[in-house]
Each structure stands twice: as C-alpha cells, then as structure tokens.
Amino acid sequence: MATNRTFTMLKPDSVEKGFIGAILEKITTSGFRIVALKLTQMTKADAQAFYAVHSERPFYGELVEYMTRGPIVAAILEKDNAVEDFRTLIGATNPAEAAEGTIRKLYAASIGENAVHGSDSDENATIEGAFHFSVREQF
Ligand code: UDP
Ligand code: MG
C-alpha cells in the first residue's frame with residue numbers, strides 16, 4: 001500500500017547538539033507535513049528490535065548503544081512520494097558521501113552518528129511509525 005508517509009528519527013547526536021529546531025525546519029520547508037511527533041528514548045530492546053535487520057552486521061552493537069544513549073525525536077511525515085523524497089533530503093548514510101544541502105551533509109558527524117533516520121520503503125514506514133506511535137497519536 002502506497003501511503004505517502006514516511007517515518008524519521010532525529011537521532012541522539014542531533015538532540016545533543018541542539019539541532020532539533022533546524023532539522024524540523026528543513027523538513028517542513030522541504031514540503032513534509034508533520035503528522036506525528038514526540039521526544040522519546042528507546043530501550044536496548046527497542047533499538048535491537050528496530051534494527052533487527054542489521055543484527056548480523058559488525059556495527060550492530062555500537063548502533064544499539066548510540067541509539068539508546070539519549071532521547072530522540074520520532075516523527076511521521078506526509079508528502080507525495082514521501083519515502084523516496086525524504087531519503088533524498090537526508091542524503092547518503094555516510095555524510096562524507098552525502099550531497100550538498102542534505103540533512104546528513106549539514107548535521108551528521110560520521111557514518112555511525114549520522115543525525116537522522118529515514119524509512120527505506122512504504123512497508124517499513126508503516127511498521128516503523130506503528131513502532132513509535134499509537135493510532136491516536138497519528139494525525
Ligand atoms: N551504520 C553504521 N555503520 C555502517 C552502516 C550503518 O554505523 O557501516 C548505522 C548508521 O547509523 C545507519 C544505521 O546503521 O543510519 C542503519 O544502516 P542503514 O544501512 O539502514 O542506513 P540508513 O538507511 O540509515 O541510511
Ligand atoms: Mg536503513
């Protein structure tokens with residue numbers, strides 16, 4: 001089902017560095033409507049489940065540590081072609097390879113601490129949104 005919605009997290013490094021406002025501004029001025037939003041912190045079990053697809057990768061342990069070390073901003077975003085357009089807006093996983101003007105180019109420090117998450121498919125956007133938000137928190 002094409003939903004025109006995607007899911008994002010402003011990761012702990014973005015919150016720690018005071019980038020919440022700047023990144024949300026970039027997202028909304030790029031045409032995305034915020035339909036769910038919260039400051040929250042994932043438990044180890046949450047992060048292990050969220051990133052279960054990466055459980056065999058060498059960076060999995062560090063990824064879980066990073067994503068649980070402080071609060072994140074979780075959000076669901078709406079726009080035509082939301083998943084693909086948001087991946088374009090955030091840029092490559094490695095900020096060193098991210099295009100000029102992308103969120104990761106502007107705000108990410110490294111491939112590990114890369115500022116933001118963006119869903120990679122409509123199916124995962126729905127799963128990830130439901131992971132963080134009840135139906136009553138989605139508008
Ligand atoms: N990651 C990492 N090292 C890598 C690849 C990924 O630490 O070599 C982390 C990084 O935080 C990334 C997350 O794991 O955002 C999920 O990886 P994925 O390949 O799904 O990248 P994304 O979809 O976030 O661009
Ligand atoms: Mg991914």
Side-chain angles (χ1 to χ4, degrees):
M1 184 180 65
T3 59
N4 290 327
R5 288 187 171 196
T6 192
F7 172 77
T8 187
M9 296 181 286
L10 314 192
K11 297 181 177 183
D13 53 321
S14 293
V15 177
E16 290 159 8
K17 293 172 181 170
F19 293 154
I20 295 175
I23 294 174
L24 290 180
E25 171 81 2
K26 179 93 173 154
I27 289 170
T28 54
T29 58
S30 298
F32 293 86
R33 189 169 77 88
I34 295 170
V35 297
L37 183 70
K38 73 170 83 166
L39 195 63
T40 185
Q41 186 165 358
M42 288 198 284
T43 65
K44 290 259 156 59
D46 289 333
Q48 285 166 349
F50 190 93
Y51 285 111
V53 66
H54 294 306
S55 62
E56 302 305 318
R57 307 283 291 277
F59 58 81
Y60 182 64
E62 278 183 20
L63 177 59
V64 169
E65 284 297 318
Y66 159 52
M67 288 302 298
T68 58
R69 77 180 185 212
I72 61 163
V73 173
I76 299 173
L77 306 172
E78 190 171 73
K79 183 184 177 299
D80 289 345
N81 203 37
V83 167
E84 189 183 344
D85 285 3
F86 193 71
R87 294 289 306 200
T88 301
L89 180 64
I90 68 177
T93 305
N94 184 351
E97 295 165 8
E100 288 301 325
T102 60
I103 292 173
R104 283 172 167 163
K105 185 69 171 187
L106 290 166
Y107 298 110
S110 66
I111 191 171
E113 301 205 4
N114 59 2
V116 284
H117 169 81
S119 303
D120 62 7
S121 66
D122 282 349
E123 183 189 10
N124 283 337
T126 301
I127 292 167
E128 292 170 1
F131 190 94
H132 283 276
F133 294 100
S134 70
V135 172
R136 283 193 295 120
E137 294 174 310
Q138 302 180 36
F139 296 91

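Sequence positions, counted from 1, serve as the residue numbers for this chain. Counting starts at 1 for both ligands and their atoms, in listed order.
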task = Indicate if Ile23 and Ile20 have the same hydrophobic cluster label, given that clusters are the connected sets of ILVMFWY residues with side-chain heavy-atom separations under 4.5 angstrom.
result = yes

Atom 11 (O) of ligand 1 - nearest protein heavy atom and its distance = Gly112 O, 3.0 Å

task = Looking only at protein heavy atoms, identify the closest one to atom 24 (O) of ligand 1 and say how far it is in Å.
result = Arg104 NH2, 3.0 Å

task = Considering only non-hydrogen protein atoms, determine which one is nearest to atom 23 (O) of ligand 1 and report residue, atom name and distance to 0.1 Å.
result = Arg87 NH1, 2.8 Å

query = Among protein heavy atoms, which lies nearest atom 21 (O) of ligand 1, and at what distance?
reply = Thr93 OG1, 3.3 Å

ask   = In the protein, what heavy atom is nearest to atom 10 (C) of ligand 1, and what distance, to one decimal place, separates them?
value = Ile111 O, 3.3 Å

query = How does Lys11 reach ligand 1, by side chain, by backbone, by both or by neither, if only non-hydrogen atoms under 4.0 Å count?
reply = side chain

Shortest protein contact, atom 12 (C) of ligand 1 (heavy atom only) = Asn114 ND2, 3.5 Å

query = Can you check whether Ile90's main-chain N or O pairs, donor with acceptor, with Lys26's side chain at less than 3.5 Å?
reply = no

key: Nearest neighbour in protein (non-hydrogen) for atom 16 (C) of ligand 1   = His54 NE2, 3.5 Å

task = Please tell me if the side chains of Asp13 and Arg69 come closer than 4.5 Å, counting only heavy atoms from C-beta onward.
result = yes

query = Is the Lys NZ or Arg CZ of Lys38 less than 6.0 Å from the centre of Phe133's six-membered ring, within 45° of the axis?
reply = yes

message = With no hydrogens and no angle check, just 3.5 Å: does a side-chain donor-acceptor pair link Thr43 and Asp46?
response = yes

ask   = Who gets closest to atom 3 (N) of ligand 1 by heavy atom: Tyr60, Tyr66, Phe59?
value = Phe59

query = For Asn124, which residues count as a side-chain contact (heavy atoms from CB on, under 4.5 Å) partner, sequence neighbours excluded?
reply = Asp120, Ser121, Ile127, Glu128

query = Taking C-beta and beyond as the side chain, do Leu89 and Phe32 meet within less than 4.5 Å on heavy atoms?
reply = yes

